[in-house]
Protein chains: 2
Amino acid sequence: MNLTQSIKRPTLHEELVERLRDLVVEDALKPGEKVPEKDLCASFGVSRTPLREALKVLASEGLVELQANRGARVTEVTRQELENTFPLIAVLEQLAGEQACTHMDAAAIAHIAQRHDDMIAAYKARDRQAYFQANQDIHNALIEGAKNEVLEAHHRMLAVRVRRARFMVNLSDERWSQAIAEHEQMMEKLHARDAEGLGALMKQHMLNKFTAHMKAFGADDAA
Amino acid sequence: MNLTQSIKRPTLHEELVERLRDLVVEDALKPGEKVPEKDLCASFGVSRTPLREALKVLASEGLVELQANRGARVTEVTRQELENTFPLIAVLEQLAGEQACTHMDAAAIAHIAQRHDDMIAAYKARDRQAYFQANQDIHNALIEGAKNEVLEAHHRMLAVRVRRARFMVNLSDERWSQAIAEHEQMMEKLHARDAEGLGALMKQHMLNKFTAHMKAFGADDAA
DNA sequence: AAACGTAATTATGAATTCATTATTCAGTCA
DNA sequence: TGACTGAATAATGAATTCATAATTACGTTT
């Protein structure tokens, strides 16, 4: 009998929210596509009730749009939405940076420093995969380090919407080296626990990232 | 036959989301209280299906907590949550102020100026009701003026959570006059379309507001 | 009387059913 | 041929039903 492992049996609809969100984020369900309840029910092996509950939640997150009597469609990722979302993420990261400086303990900072070194190594090896992973770990750790669950929740929601644009693959050498330089500065500020400084850097880091990406995104309206 | 009025019959679950959210925000459903599906279904005259869908959405907004097989409870408003939420709202208002300066047209600014004068009048008449209304109109207009729907949505979500603490009634004379002074400055910046300036003022305005309120909130953990 | 264990009751999660609205498709008429 | 009508089909919104977990009520034991 195992007493240490707490039982957790997520409800069906929670499970479905996760799975469906992944489908949207991973682009298995394409923007504009309608979400056929029946098919999804069949492939997940559940009835429509929990699936429809999940769709309602996804709609409130803005990943799908519900039209009365006409079902759900995956929302399009528009340039306008991205341009609205970017500065929002930027100020959230700024706040996260400030709060992380005051709330992270030495061990947590050391962990970030480790991942930072990993990231630098990946950069030198031109290993995009490892770079992206380390980069994301660092940002997540900083968000988490802010010890602000409300901030974390909203940041995650916004990040999901941006990730759908999947322009992360477009990373010029120029932008890459600039990003590395920015991260170096961020580490300095973090070690110095310069809240204002780290916050300002993280905000600018994000804005630069987005500027670079939007260039790649082009002048058209849709993804 | 009326052709001008477009038919809009919101789905039941959307209606219920609104109604239930109001019940939580207006404190008809008290924090910690369990939400009895059966009773609510009876009072709304609907079946459990749409009501449960609505609860899922409210849960994703953080207004209720769902426990598997044990139904929904209204989430408590903790001091921790408020302290997490305040700075978030502050930076969102800051961003809103910046974007409003660049995106609002003259008419919209004139409208805000009008409401600002109303607010001043209400202040002089010590009419709290009118003051709060004008104040909220101004803030909403500024958020809306940012022309950023993503920002607007997240701001609304956060504002709902704070409104539940309903400490807005506690407004000292000192804080009240300070708030008026801050609004005067904000109007100046808005007229000058000083984005940075208005943003900074709005952020600080919020932080001051929250500091004042948290004093009233006391040292205990719960509302 | 208090604590435990068990049965009855209730509430919840999920599947199913029903009613209504969209959509598709065949047939008609210009 | 092509646009329109209307029936047939399919999909959705919501109610109902069913199965199971949680809560309550009750009786037993110490």
Side-chain angles (χ1 to χ4, degrees), chain A residues 1-3 5-21 23-24 28-75, chain B residues 1-3 5-21 23-24 28-75:
Chain A
M1 180 160 60
N2 186 347
L3 294 176
Q5 183 167 359
S6 75
I7 45 168
K8 68 148 178 239
R9 189 176 32 75
T11 62
L12 267 187
H13 103 270
E14 286 176 84
E15 197 101 28
L16 287 172
V17 167
E18 302 284 329
R19 301 279 297 270
L20 285 175
R21 194 191 348 243
L23 288 184
V24 173
L29 290 172
K30 298 252 176 345
E33 207 169 288
K34 54 181 161 27
V35 183
E37 297 182 0
K38 207 162 72 74
D39 299 357
L40 286 174
C41 287
S43 71
F44 284 129
V46 299
S47 76
R48 281 175 57 218
T49 306
L51 186 112
R52 285 167 57 71
E53 290 172 344
L55 284 178
K56 304 286 187 292
V57 173
L58 259 49
S60 89
E61 291 179 5
L63 293 183
V64 302
E65 283 168 323
L66 301 179
Q67 297 165 295
N69 296 317
R70 294 173 48 164
R73 308 189 82 88
V74 179
T75 55
Chain B
M1 179 159 65
N2 185 347
L3 294 174
Q5 184 166 0
S6 74
I7 45 169
K8 69 150 179 238
R9 189 175 34 76
T11 62
L12 225 30
H13 105 269
E14 285 176 84
E15 197 100 28
L16 288 172
V17 167
E18 303 284 331
R19 302 280 295 270
L20 286 175
R21 198 200 334 253
L23 288 184
V24 173
L29 289 172
K30 296 250 174 352
E33 206 170 287
K34 54 181 166 11
V35 183
E37 298 183 359
K38 206 161 72 72
D39 299 356
L40 287 174
C41 286
S43 72
F44 285 129
V46 299
S47 75
R48 282 176 55 219
T49 306
L51 186 113
R52 284 162 81 6
E53 289 172 346
L55 284 177
K56 303 286 186 293
V57 173
L58 259 48
S60 89
E61 291 179 7
L63 292 183
V64 303
E65 283 168 323
L66 302 179
Q67 298 166 295
N69 296 317
R70 294 175 48 169
R73 308 190 84 87
V74 179
T75 54

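Within every chain, numbering begins at 1; the chains are lettered A, B, ... in the order of the sequence lines, protein sequences first and strands thereafter.
- If you take NZ of Lys34(B) and C1' of dT12(C), they are 13 Å apart, rounded to a whole angstrom.
- For Thr11(A), counting side-chain heavy atoms from C-beta on, the closest listed nucleotide (dA22(D), dA22(C), dA14(C)) is dA14(C).
- Put simply, CG on Leu16(B) is 9 Å from P on dA14(D), counting in whole angstrom units.
- Residue Asn69(B) contributes atom CG, which lies 6 Å from atom P of dG13(C) at whole-angstrom precision.
- Note: CG (Asp39(B)) to C1' (dT10(C)) measures 12 Å, nearest angstrom.
- Considering every non-hydrogen atom in both Ser60(B) and Val57(A), the closest pair reads CB-CG1, 3.8 Å.
- In this structure, Leu40(A) and Leu20(A) have side chains that are in contact, with non-hydrogen atoms separated by less than 4.5 Å.
- Distance CG (Leu40(B)) to C1' (dA14(D)): 17 Å, rounded to an integer number of Å.
- Looking at which nucleotide of DNA chain C each of Arg70(A) and Leu12(A) is closest to, the 5′-most match is held by Leu12(A).
- Within residues 42-63 of chain B, the residues approaching DNA chain C are Arg48(B), Arg52(B), by heavy-atom distance under 4.0 Å.
- Residues Thr75(A) and Val64(A) approach most closely at CG2-C, 3.6 Å, considering heavy atoms.
- For the pair Gln67(A) CD and dT12(D) C1', the computed distance is 12 Å after rounding to whole Å.
- Between the CD atom of Glu37(A) and the P atom of dA14(C) there is a distance of 16 Å, rounded to whole Å.
- For the pair Arg73(B) CZ and dT12(C) P, the interatomic distance rounds to 11 Å; values are reported in whole Å.
- Looking at every heavy atom in both residues, Glu33(A) comes nearest to Ala28(A) through OE2-O, 4.3 Å.
- Heavy atoms only, all atoms of each residue included: His13(B) and Ala54(B) are closest at O-CB, 3.9 Å.
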side-chain contact (heavy atoms from CB on, under 4.5 Å) assessment of Lys56(B) paired with Glu53(B): CA-CA 5 Å; Lys56(B) 303 286 186 293; Glu53(B) 289 172 346; 5.6 Å; no
